[in-house]
Amino acid sequence: MVDSPRILVVEDEATQRTLLVNYLTRQGFDATGVADGTAMRRALQRDEPMLILLDIGLPGEDGHSLARYLRESHPRVAIIMVTAAGDTVDRIIGLETGADDYIPKPFEPRELLARIRSVLRRSAPAPVASLGPRIRMGRRVLDLEHRVLLETDGTEERLTASEFELLKLFAENPNKPLNRDWLLEATSHREADSFDRAVDLRITRLRRKIEIDPAHPDAIRTVRGVGYVFVPPIG
Ligand code: CA
C-alpha cells in the first residue's frame, strides 16, 4: 500500500470531476470525487483527506458555506477553492472563508498541481520533535546538527545542501513512500519538469554513500510509480 496524499474533489459537473480525479490519480495522489456538499460530508465521516478541491458553484450548499463548515469541523484539511472565471468577488470571499488558496476556472492542470503541492507543503505537520540529532541510515549515521554522514569510526563525510535535505526528509518520514516529484520540489526550491531526473541522480549518489550494497539498496528503496522510501535499520 502506498501512502499517497488523499484529495477529495467536490465538483458537480461529472465530466470535470472525472477529469480532475483521473489527472490527480495519475500524479500520484489518492483522489476521489463527490458531486455536492451532502456527499462531501459523508465522505469526511469515512476518512479525512489532506486536501479538498472545492468548487464554489454547487447545487444546494455552495462552496463558501462548505468552506466555513470545513474550517470549523475539519481544521486540518487544506482547502483550494475553484472559482468561476474572472469572478474576483468569489476569490476574495473564498480566502476570507478560510480557504488556503483558490484557482480560477479554466485552469491548466500543471498550475493546479503546483498549487496543490504548495498548499500541502505549507500544511504539512512540523518535523517530529522526538527526532534525535543522529539517525542511522544504512551503514552510516546522519548527523542532523552538523549536516554530515558519520562512519562507525566517527569519520565524517560532507553532504551537499540538496543531499542533506533529501536525507533529512527521509529521516523524518521513515517507512513512508515519498513521491519523487514532491521530493524534487521540496529539496530543489524550483519547479520540476526539466529537473525531472535530478532526484534519481541524487538518490544514486546517496545510495553509494549509505548503502551496504548500493546495487541492491536496502535503506532507500524504490517504490515503483511513486518514488522512494527510507527503511530504517532494524534494532
Ligand atoms: Ca459547479
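Counting starts at 1 for both ligands and their atoms, in listed order.
Distances from the Ca ion (ligand 1) to each N, O or S atom of Asp55 single out OD2 as the nearest. Counting just the N/O/S atoms of Asp12, the one with the shortest distance to the Ca ion (ligand 1) is named OD1.
Here Gly57 meets the criterion, with an N, O or S atom under 3.0 Å of the Ca ion (ligand 1).
Under the 3.5 Å distance criterion, the side-chain polar atoms of Arg221 are left unmatched by any main-chain donor or acceptor of Tyr228.
Checked against Glu163 for a side chain to side chain donor-acceptor pair (under 3.5 Å), the options Arg147, Arg205, Arg202 give a single hit: Arg205.
Pro174 is linked by a side-chain contact (heavy atoms from CB on, under 4.5 Å) to Phe230, Pro232, counting only residues two or more places apart in sequence or in another chain.
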Before you tell me yes or no, could you show the steps for Thr32 and Arg46 under side-chain hydrogen bond (donor to acceptor under 3.5 Å, both in side chains), namely the whole-Å CA-CA distance, both residues' side-chain angles and the distance that decides it to 0.1 Å?
CA-CA 12 Å; Thr32 46; Arg46 281 196 302 273; over 6 Å; no
